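In what follows, a single structure is set out as structure tokens and then discussed.
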Amino acid sequence: MNGIVETVYGKLAGVEGKYARVYKGVPFAQPPVGSLRFRAPQPLQPWDGILQAESFPPMCPQGPQEEGSFYQKEFYHNAEYMPPQSEDCLYLNIWVPKEGAGDYPVAVWYHGGAYAGGFCSEMEFDGEAYAKREIILVTAAYRLGMLGFFAHPKLHEQDGHSGNCGLLDQIAAIDWVQENIAAFGGNRDRITIMGQSAGAMSVRTLISSPLVKGKICGAVIQSGGGYKSPFPVNVLEGGRLEEACALYLEQKGISLEELYEKEPQEILQMQGELWPFIAAQTQCVLPLCPQVDGYSLLKTCDQILEDGEAPKIPYLIGCNQNDVSKEETGYTQNPLHMSNVGFCTMQPENPDTYVYYFKRHMPGDDAGAFHSAELWYMFGTLDRCWRPLTGADRVLSEEMLDAWSSFIKTGKPGWERYTEEHPVVKEFDIENQSV
């Protein structure tokens with residue numbers, strides 16, 4: 001491959017990395033601006049010439065990270081990795097191995113951020129380590145907050161559904177990959193979806209969507225919960241989000257039509273009021289997230305599991321020791337872990353359900369194995385981390401990269417499946433490792 005890739009929509013030129021040829025800021029849908037705000041992603045329009053895919057795309061509009069806060073220091077302190085914000089944000093980044101025979105397995109990654117923050121080129125994300133292992137990594141953007149999950153009866157009347165634009169963006173990314181990844185040397189029949197936190201909740205939702213059926217061969221769910229998760233998602237009954245959003249606009253004296261005239265930053269300011277308003281109306285603590293809309297989601301994730309309708313594909317699911325608490329507790333006291341094993345035991349006929357538990361207390365503070373800590377390791381980006389890491393951390397990173405890569409390639413990460421009879425949990429820590 002000479003670096004110029006011809007997709008269904010036009011030609012792309014990327015940039016050279018160490019192990020990968022990287023295509024940054026590849027559009028997968030029309031910009032969701034103007035009349036397309038609050039609408040499902042629309043098919044991409046072809047372009048002429050060669051699109052220079054050399055820069056990471058803008059992030060979806062979101063509130064700033066508070067200076068000096070934990071996650072600002074961890075992931076968002078380096079200006080080099082902080083792109084501008086824009087409502088025109090529906091893009092992919094693609095790392096393609098420079099070596100190998102092609103027909104590569106593909107992993108599509110969805111970032112976290114409580115469905116209100118984060119972006120697809122954060123400093124802890126990178127596809128070089130996967131390209132080295134002959135895997136194509138795709139990181140996908142999606143609309144956030146009010147821009148991604150605002151619902152309204154008039155929108156429902158117009159389109160037959162409303163409220164799940166962000167989820168539909170995620171599905172559109174899968175569809176684009178299926179349609180175009182062969183041009184990059186990828187295997188459209190070996191697509192694994194992966195995510196962490198809200199990205200993991202997204203993966204849980206995607207496997208539950210009829211619009212994804214038959215399009216993926218595996219799923220990685222990191223710190224997003226499984227069955228009866230302590231992280232709530234798609235728990236509202238159909239129509240309740242639409243009603244709550246309509247009531248908010250009514251009380252503000254703003255019409256739906258007037259929302260289209262507002263700047264993205266004005267929408268962001270309204271979101272700060274809308275979120276607690278909907279939460280009070282519905283008793284849902286995470287209201288701006290995928291909900292049952294009768295189109296992209298017909299049932300909640302838990303209902304899908306209870307009804308035995310989860311896709312029978314391999315699953316790698318796990319969490320961190322201090323995801324939800326700094327307390328040092330055993331497995332059974334960790335509600336996120338228990339929801340993960342519940343996800344597996346609800347699928348007794350699935351031969352490929354694997355559980356991990358990340359326990360490495362990262363040096364530099366007392367945060368422990370905090371929520372998102374594993375990202376540095378499973379992306380192989382320890383060199384970008386401010387913490388005083390050791391050789392043992394690099395060994396652990398290699399171990400996790402090998403496990404994730406094996407799962408993407410074969411559906412098996414390298415340890416036994418989890419069942420009620422054999423509750424195998426793979427622990428990731430630096431104990432007993434040689435430097």
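When reading the values below, keep in mind they use all heavy atoms of this one structure, side chains included, and skip hydrogens, waters and symmetry mates. Please read all numbers here as calculations on a predicted model, not as lab measurements.
Around atom CD of Q52, more than 12 heavy atoms belonging to other residues, nucleotides or ligands sit under 6.0 Å away.
Screening residues 24-36 for side-chain hydrogen bond (donor to acceptor under 3.5 Å, both in side chains) gives no qualifying pairs among residues at least two apart or on separate chains. Applying the salt bridge (Lys or Arg N to Asp or Glu O under 4.0 Å) test to pairs two or more places apart or on separate chains, those with a residue in residues 98-121 are E16-K98. For residues 30-57, the set of pairs meeting the salt bridge (Lys or Arg N to Asp or Glu O under 4.0 Å) definition, not counting sequence neighbours, comprises R37-E87, R39-D159. The side-chain hydrogen bond (donor to acceptor under 3.5 Å, both in side chains) pairs that include a residue from residues 205-226 are D175-K215, T205-N234, Q222-E374, Q222-W404, S223-D323, where partners are two or more places apart or lie in different chains. Listed by first and then second residue, the salt bridge (Lys or Arg N to Asp or Glu O under 4.0 Å) pairs that reach into residues 178-190 come to none, sequence neighbours excluded.
For S202, the side chain to side chain donor-acceptor pair (under 3.5 Å) partners at least two apart in sequence or on another chain are Y115, Q170. By the side chain to side chain donor-acceptor pair (under 3.5 Å) test, T381 pairs with no residue at all, sequence neighbours left out. Residues meeting the side chain to side chain contact (heavy atoms under 4.5 Å, CB included) test with L51, sequence neighbours left out: L12, P27, W47. With sequence neighbours excluded, the residues satisfying side chain to side chain contact (heavy atoms under 4.5 Å, CB included) with D366 are K326. For S406, the side chain to side chain contact (heavy atoms under 4.5 Å, CB included) partners are T410, not counting sequence neighbours. Take E398 and apply the side chain to side chain donor-acceptor pair (under 3.5 Å) test, not counting sequence neighbours, and it matches R133. By the side chain to side chain donor-acceptor pair (under 3.5 Å) test, K73 pairs with no residue at all, sequence neighbours left out.
Ring centroid separation for the pair Y76 and Y81 does not come in under the 6.0 Å cut-off. For Y377 and F358, the distance between ring centers is under 6.0 angstrom.
Using a 30° and 60° split on the angle between ring planes, F150 and F38 fall in the tilted class, from 30° to 60°. Taking the six-membered ring for Trp and thresholds of 30 and 60 degrees, F56 and W95 have ring planes inclined between 30 and 60 degrees apart.
Between the side chains of N334 and Y357, at least one donor N or O sits under 3.5 Å from an acceptor N or O. Between Y227 and Q347, the side chains place no donor N or O within less than 3.5 Å of an acceptor N or O (distance only, hydrogens not considered). Between the side chains of Y354 and D352, at least one donor N or O sits under 3.5 Å from an acceptor N or O. Side-chain atoms of D393 and T390 include a donor-acceptor pair closer than 3.5 Å.
When all heavy atoms of R143 and F149 are compared, the pair lying nearest together is O-CE1, 3.7 Å.
Ion pairing of K18 with E128 is absent here, as no side-chain N (NZ or NE/NH1/NH2) approaches a carboxylate O to less than 4.0 Å.
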